[in-house]
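Read the structure below first, then the notes.
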Amino acid sequence: MVGPNSDSRGQAYTIESVVGGILVLTAVLFALQSVVVTPTTGGSIDAETKGDVRQQADDVLVTAAQNESFDLNAMVRYWDQDNRTFRGAANPEVGYGARGPPGNIGTLLEETFSSRGWYYNLELRYLHPPNSSSFDGETGSVPVVYQGTPADDAVVSTHRVTLYDNQTLSSPTLSTIGVELWELDTNATDGEDGYYPIPNAEDGPVYNVVEVRLVVW
Amino acid sequence: MVSATLPTDDRAQLILVGCVVIAFIVVSVTLVINTSLYTQSAAPALSNDQVEDARAFDLETRKGTRALVHRINHGERDRDASTLQSDVGDGVASYDGLLAESYARSEPASVSVTYNPAPSQYGTRVVQAEDGDFEDVGGGNLLGSDQTVGWFAVNVDVFNTSDDASGSFELTVDDTAGETLEMRLYQNDSSNLTVRSSIGPASDETTCDPIRDRVLVDVYEGQVVGDHCTNEGSVQGIEDLDGRTRALEFDNRDEVTGRFEFVTDEADGSSLDDCTGVGVDPDDACQTAAVWTANVTTTYRGDGVRYENDRDVEIYRTD
């Protein structure tokens, strides 16, 4: 004879089995989703590729810095005062843009990155003199090449260039031939034509230490 | 009436407990594997990047220190050795401050560069700072024994330089390997400067238009800087000699007008007057101090890397 509780026991068994199944399935689902959460994911570049790209970016900057005819130091001084950007650049916002900078560094960037589908931004970051109105604890920056907003997994490489008071612009006009850096107008808002954005950061033979920043994605 | 115990009561509860245990084990194993994978992926990348940054810093400071001290060496003429030491110390301190600020603003690293005057090596800079002929240096070997030249430049006033090719100004450099560099400078028929240079059978010639009446001759590298230079301005120079320099002579010293300076690796290495001496005019050739090798201490401190190096930075090349 079947007791009056057999119906509820059956339902209890069913519920327990369903709950047990849900628990196991949830655990398995969690495990499958969790395995992919590592530093190598979350973007389109794996760690090994990022390492390779960073090494290539480092090598490009080091090689460009050692070029005898047009090194990074010359590129930093390759300024067009009248157009307020680098000589031959498209405009102050994008610099050389998709075309890339001139000289050896432009060739290296084209062959290493652009020709293989990578985008890059090249930017100069310089120091403000401590007594200037721009000294707010931040560095100033000016774009050499701007090709867009970098992806979250972009690779950054930097190289520093030292400018000296007695250097001149590497792209002088008639009015700036022989004019040393410390003599240039570096005030963009004084209403006078033409200026060089990087200021004389300190008294002494060193004019400024400029960080050349290459971002690749 | 028979009542039967249904054993499935306990089995059902066991199944539920078993499911809970399995779920717990799966989650725990997943967490452990995931943590292990994350740590394995992250750790080497961080420390490798910092090591590369330290190497890049070392390379940058070596180059920067060399360029800075070179500029200070050639910035002034009337300065004694202790003043030069002080100027170099101040210059490197300024460079150190800017470098430290630049690194601090862009990456988690503390850097420093310090000049150590005591272990640094000093040489002699012979300089004629204003235009004139080169008679002051006199004839004969301008170098003492065991002196080597690491830098030599002539800034020629082309218009006032002789156009006599056969009797032109000539400088001769002998080296320890028995080779001789012979370099002649003269104005040609078109009022340009011609530079002829030879080492044994190998010879080069270049002709350059002056820029504001001047042509710069880098005698060490064999490079002439002017306008529209033939042969890309390249000629035989001191660096093309196989051995170290041991003798330097000027001939037909009154056939050229301009300025010159060269640096040797020995302090007080010239018989010329000291540039700080009384009665020494700017167009007189004289000797002054120069830093030949700068001893610097570079330090890089990052999150996972600490790097400190005492290094002798050669300001001039001798190979």
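We name chains A, B, ... by the order of the sequence lines, and we start the count at 1 in each one. Below, all heavy atoms of this structure are taken into account, side chains as well, without hydrogens, waters or symmetry copies.
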**Request:** Flag yes if more than 12 heavy atoms outside A/D203 fall under 6.0 Å of its CG atom; otherwise flag no.
**Result:** no
**Request:** Answer yes or no: does atom OH of A/Y119 have more than 12 heavy-atom neighbours from other residues, nucleotides or ligands under 6.0 Å?
**Result:** no
**Asked** Has A/R116 got more than 12 heavy atoms of other residues, nucleotides or ligands less than 6.0 Å from its CZ?
**Response** yes
**Message:** What's the separation between atom CG in B/L99 and atom CG in A/L127, rounded to the nearest 0.5 Å?
**Reply:** 9.5 Å
**Where A/G21 and B/C19 come nearest, the two heavy atoms and their spacing** = N-SG, 4.3 Å
**Message:** Under a 3.5 Å distance rule, please check whether B/K63 uses its side chain to pair with a backbone N or O of A/V161 as donor and acceptor.
**Reply:** no
**Prompt:** Just checking, A/R160 and B/Y103: is the charged tip under 6.0 Å from the six-membered ring centre and within 45° of the axis?
**Reply:** yes
**B/L31 portion near chain A, given a 4.5 angstrom heavy-atom threshold** = side chain
**Asked** Counting only N and O atoms by type, is there a donor-acceptor contact under 3.5 Å from the side chain of A/E16 to the main-chain atoms of B/L16?
**Response** no
**Message:** Nearest 0.5 angstrom please: A/T139 OG1 to B/R105 CZ, how far?
**Reply:** 7.0 Å
**Request:** Please report the shortest heavy-atom distance between B/V27 and A/A27, naming the atom on each side.
**Result:** CG2-CB, 4.0 Å
**Message:** Do A/V206 and B/L98 have side chains that approach each other closer than 4.5 Å (heavy atoms only, starting at C-beta)?
**Reply:** yes
**Message:** Please evaluate residues B/S106 and A/R125 with respect to the criterion side-chain hydrogen bond (donor to acceptor under 3.5 Å, both in side chains), reporting the C-alpha separation (whole Å), side-chain torsions for both, the decisive distance (0.1 Å), and the verdict.
**Reply:** CA-CA 9 Å; B/S106 70; A/R125 291 192 180 177; over 6 Å; no
**Item:** Side chain, backbone, both or neither of A/N166 within contact of chain B (heavy atoms, under 4.5 Å)
**Value:** side chain
**Message:** For a 4.5 angstrom cut-off between non-hydrogen side-chain atoms, does A/P205 reach B/R71?
**Reply:** no
**Prompt:** Does A/E123 CD have over 12 foreign heavy atoms under 6.0 Å away?
**Reply:** yes
**Message:** Do B/E107 and A/T158 make a side-chain contact, defined as non-hydrogen atoms from C-beta onward lying under 4.5 Å apart?
**Reply:** yes
**Item:** Minimal non-hydrogen separation, B/A67 against A/Y164, with atom names
**Value:** CB-OH, 3.3 Å
**Prompt:** Measuring heavy-atom distances to chain B, does A/V62 have an atom under 4.5 Å in its side chain, in its backbone, in both, or in neither?
**Reply:** side chain
**B/S102 side chain to A/E211 side chain, donor-acceptor N/O pair below 3.5 angstrom** = no
**Prompt:** Any side-chain heavy atom of B/Q223 sitting closer than 4.5 Å to one from A/E68?
**Reply:** no
